[in-house]
Amino acid sequence: MNMLPSMLGFPAMLGVQPTLGAVTLNGTLQIALYLLVLLALVRPLGWYMARVLEGRPGSAPLGMGAALGWLERLIYRACGVKRSATHGAEEMGWKSYALGVLLFNLLGFVAVYALQRLQHALPANPAGLGPVEAGSAFNTAVSFATNTNWQGYGGEVTMSYLTQMLGLGVQNFLSAATGIAVLAALVRGLARRSATTIGNCWVDLTRCTLYILLPLSIVLAAVLVSQGVVQTFREPAKVALTVPLSYSEAVKNDAGEVLKNADGSDQTRAVEVREQVIPLGPAASQIAIKQLGTNGGGFFNVNSAHPFENPTALSNFLQVLAILLIPAALCWTFGEMVRDRRQGWAVLAAMLAIFVPLLAATYASEAAGNPRAQSALVGTPSAADGAAQGSSSARPAAASTRAAPIVQPNMEGKEARFGVANSALWAAATTAASNGSVNSMHDSYTPLGGLGPMWLMQLGEVVLGGVGSGLYGMLMFVIVAVFVAGLMVGRTPEYLGKKIDPFEMKMAMICVLVPCALVLLGTATAVALPEGRAGVSNPGAHGFSQILYAFSSAGNNNGSAFAGLGANAPFYNLSLGLAMWFSRFWIIVPVLAVAGSMAAKKAAPTRAAGPASDADASLRTGGTLPTHTPVFVLMLVAVVVIVGALTFVPALALGPIVEHLQLSGK
Amino acid sequence: MFRLVRPAIVLFLALTLVTGVLYPAIVTGFARAAFPEQAQGSLMRDAQGRIVGSSLIGQEFGTSDASAAPALARWFWGRPSATAPLPYTALNLGKGTGSSGSNLAPSNPGLLDNIRARAAALSAADAAVGLVRAPDNATIPIDLVTSSASGLDPHISPQAAEYQAPRVAKSRGLSTEQVMALVRKHTTQRTLGVLGEPVVNVLELNLDLQSATTSLDPRGSR
C-alpha cells in the first residue's frame, strides 16, 4: 500500500503538481480549440444571417427559402403585412417598429404567465404539477419575455411539459428573434441615408425565427439527443436502487407542527428509500434554443450541469459554442450590412479583447483551487491515526506535522466530466453572452473566479452579449467612444460616415447607464431591506456577492445566479422582475430611436463628394477618425472597461475582493 | 397603435405554433426514430428487466457519516451530492426537490465541515478493511470530497477510482488488479483525446463489480 501515491499518479509527493490541479495544457488547448471553432464559424453564419435580414419575403439562401418560404408568406398574409415594391414588404418608422416589438413581447409575457398559472388544468402534465405561485410566475414570465431567463424555479418540480414547451420554449425563440430584429433595425439605420424607415418588425421577427433560429436549433437538438439529452413526453422513470438508503425526518401533525418527545426533543422517524425517481421530458428541443438564443433558462433545476441537459464532453462543447455563436457571427452580419466588413471585425476584436483575459483569469483562479479546502483535507485525521477521529482539539497539532497541501482545483459545484477548464469556459461564455445557463455552480466559485463572470455581466452584456442585444449594446458604446475620441482630437464625431449628434449621445448614454443604475440601486435596496438580506445563504462578504450577482444578472438580462440566494421570495421576484423588464425595454426603445435618427441623416458633410453608398470613402477622408483600426478598437475597449470599472469596482471591493483577501490570508 | 395589434397577435400565435408545437414534435419524432434509448433517459435494466438506473444519473454508494462508512467500503463512492432529502435525489415531488448543488461559498465554514466529514468517512471505510494510507488524507482526490453541481454526477475522476480500488478490492476479497481492470473498463477518455475530462462511471462500475464478485467469489456477494 505504500506504492499508492505513485500508483495514483500523484507526483505531488515529488514536488510536482498533480494533473488535476492548476492550469493544464489540455485545459488551455480545449479553450483555444473553442475560440478557433467559434471564429471559423463567424464568417459563414454571419454571411447567411446578413442574407436573411436583407432578403425579400419568401426568399432565403441555402434552400431555406424554398423549404419555408411558403410558411413565411402564409404568416404575412394572416398578419396583413402589406407588400411594397421597394422592400418586398411595407416598412416602418422607428416608433411603429418599437411599438410593434413592445406589443409582441407583452403578449409573450401574458402567455407565459397564463400558462404557468393554469398548467394544472392543461394537458402534458404527467407529473401532475400544480399552478406556479403568482410572484414566481410573474418573475419567470418577465424573465423569459426579456431574454433573461433568470431561473427562480426548479424546472423539474415546477413547470409542466406544456409550460416548458409552449411558454418557455416559445419565448426562447421569440425573445431571441426580438434581439436580432432590433439589431437589424439599428444596422439598417446606420447603413441607410435620408431614409424614414428601418424595416418591418413582423418581417424581421418571422425571418429570424424561421431561417436562423429554427434550423440551427433542429440541428443542435438532434445532436444533443444522440448524446443522451432526453426528449420524450413520458412520465418520470422509477429506478430500483442498488443500495437502499434511509434518512430520518421530523414527524409532523396535521397542522404541520413538529411533534415532540417526552424529553422535548423532536420526534423523528426513519424513512427507507429503495427507489430513485428520474425526471424526463422534452428537454433537447428546449436546450438547443436555450443556448442558441442566449436564453439560458434550463429544463431542470441545475440547468446544463444536469446530466440529462448536458451529458457528455461533446454536448458541452456544442452547447457552449452555441452560446457565443450567433452573437459573434452577428458582428460579421453587421459588417456585411453596412458594406464595410472591417467595421464588424473591429467590434468583434474589441469584444474578444475583453472576453479572453477575463476567461483566462476565471480559469486560472478555479484551477488554483480553494486554499481552505486543501488545508481542510490535510487537517483531517486519517485512518492511520484513528484515535484522533472526530476530536477537533487534536486536529491543529496533527495538521502541523503533515505534508503541505497539494494544489487541487476547486471542484465544489462542478461536474467531473467537465472539470475546471470547461466549467470556467462556460462561466465566462455564459456571462459574456447574456445567456445565463450554467454547467457548474457559480456560487461555489473562488472569489476571483466568480468576479470574472460577474464583471462580464456588469460591463453591460456588450462583450458578445445576447443575440442582437449584445451588438446593439456595443454599438451604443461605439457611439460613446466615437464621441469621446472626437472630443480628444477636436473633431466632429462621426460613425460610418454620419455625424453623431447630441440626440444619439443622449440615447446611447441611457443605454449605458440604465443597467448600471438598476444593478447598483437594486443591490443597495436589497442590502438595506431585511427581505433582501433574508435571501442570503452564505456568510460574510460572499453573502453580499450573492445579492450583487443577482442584480447584475437581472439588470443586464443575463439570468445566471449565485444560486444559493433564496430568490424565489416576493421581494426578489418583484425587484428582479422589474430590473429585467426595464433593462430590456429601456434599452430597446432608445436603440430604435437611434436607428430612426441615424437613418434620417444624410452623409456627413466632410465627405459630401463621395457616392452615397460607399461608406469606405468617408473613412479615407482626413477629417474623421477611422473606426476599424486597432487604435479605435483600443479606444472602444477602454470606454467599456472604464465605464464598467468606475461603476462597479467599489461594489466588487465589498464582495469578491474582500472574500479573496480573507481566503488567501491566514 | 391598433393597426399593430392584429399582426402582433396573429404573428405571436403563428410562431407559437411553429416553435412550441411543430419544432418539439419534429425533434421528438427524430429522437424516437434515431435515438430511442438516449431520448428516454439512457435507462439500464437488469436480467429481470427491472430498471436499475440511468447510465447518466448517479446513485448514492458512499456516505459522509463515518459510522456508516464500514458497511459501504465494498462500493466505489461517487461525488458527494447536495440534493435533498437524500443524496442523488433526482426528483421528489412530495418535497419539491430535485437536482441541486450545495451552493456553498469557498469561504463558507460549512463547506470545510463537509469536506472534513467526507474525508473522515473515507478514512473510516479504509480502516474497516485494514487499509493504511501513507502519508495522509492530503492524497484524497478533491472530487471525492466536494459535491457536484447537479447532485447527480454519475462520474468520478480516474484518480478517485484508483484511490478507492485497494479498499474495494480488500473488502470484496479481490486483487487490486482485478478491480482496476473493471475501473479501466468503465473509464471514458477525453472525446477525440481533447474534449472534457477522463471519467469513471460509478453506477456502471458498481453494477459490474457486483456481478463480477458474485461470479468470482460467491461468499462475497450480498
Contacting moiety of [X], where chain B heavy atoms sit under 4.5 Å:
X        : result
A:Thr312 : neither
A:Thr209 : side chain
A:Gln164 : neither
A:Leu174 : side chain
A:Gln276 : side chain
A:Ala240 : both
A:Asn422 : side chain
A:Leu74  : neither
A:Phe418 : backbone
A:Leu106 : neither
A:Asn172 : neither
A:Leu280 : side chain
A:Ser246 : backbone
A:Gln171 : side chain

Heavy-atom proximity to chain A below 4.5 Å, by part of [X]:
X        : answer
B:Leu104 : both
B:Ala34  : neither
B:Phe30  : side chain
B:Leu86  : side chain
B:Pro87  : backbone
B:Arg190 : side chain
B:Leu17  : neither

| query | Under 4.5 Å between any side-chain heavy atoms of B:Leu122 and B:Val145, yes or no? | reply |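 SC-SC contact between B:Leu122 and B:Val145 confirmed.
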| message | Salt bridge check, A:Arg417 against B:Glu197: does any charged N sit closer than 4.0 Å to a carboxylate O? | response |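 Salt bridge absent between B:Glu197 and A:Arg417.
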| query | In terms of heavy-atom pairs under 4.5 Å, which option from A:Pro282, A:Gly100, A:Ala78, A:Ala221 contacts chain B the most? | reply |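 Looking at each option in turn, the highest pair count goes to A:Ala78.
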| request: Pick whichever of A:Ala305, A:Ser440, A:Gly413 has the most heavy-atom pairs under 4.5 Å with chain B. | output: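 Between A:Ala305, A:Ser440, A:Gly413, the count favours A:Gly413.
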| said: Checking side-chain polar atoms at under 3.5 Å, does B:Glu60 have a donor or acceptor matched by the opposite partner on B:Ser81? | reply: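 No, B:Ser81 and B:Glu60 have no side-chain donor paired with an acceptor closer than 3.5 Å.
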| request: Could you tell me if the ring centre of A:Phe562 sits under 6.0 Å from that of A:Tyr445? | output: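 Distance test on ring centres: not under 6.0 Å, no.
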| Is atom CD of B:Glu37 surrounded by more than 12 heavy atoms (other residues, nucleotides or ligands) closer than 6.0 Å? |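 For B:Glu37, atom CD is not crowded (no more than 12 foreign heavy atoms under 6.0 Å).
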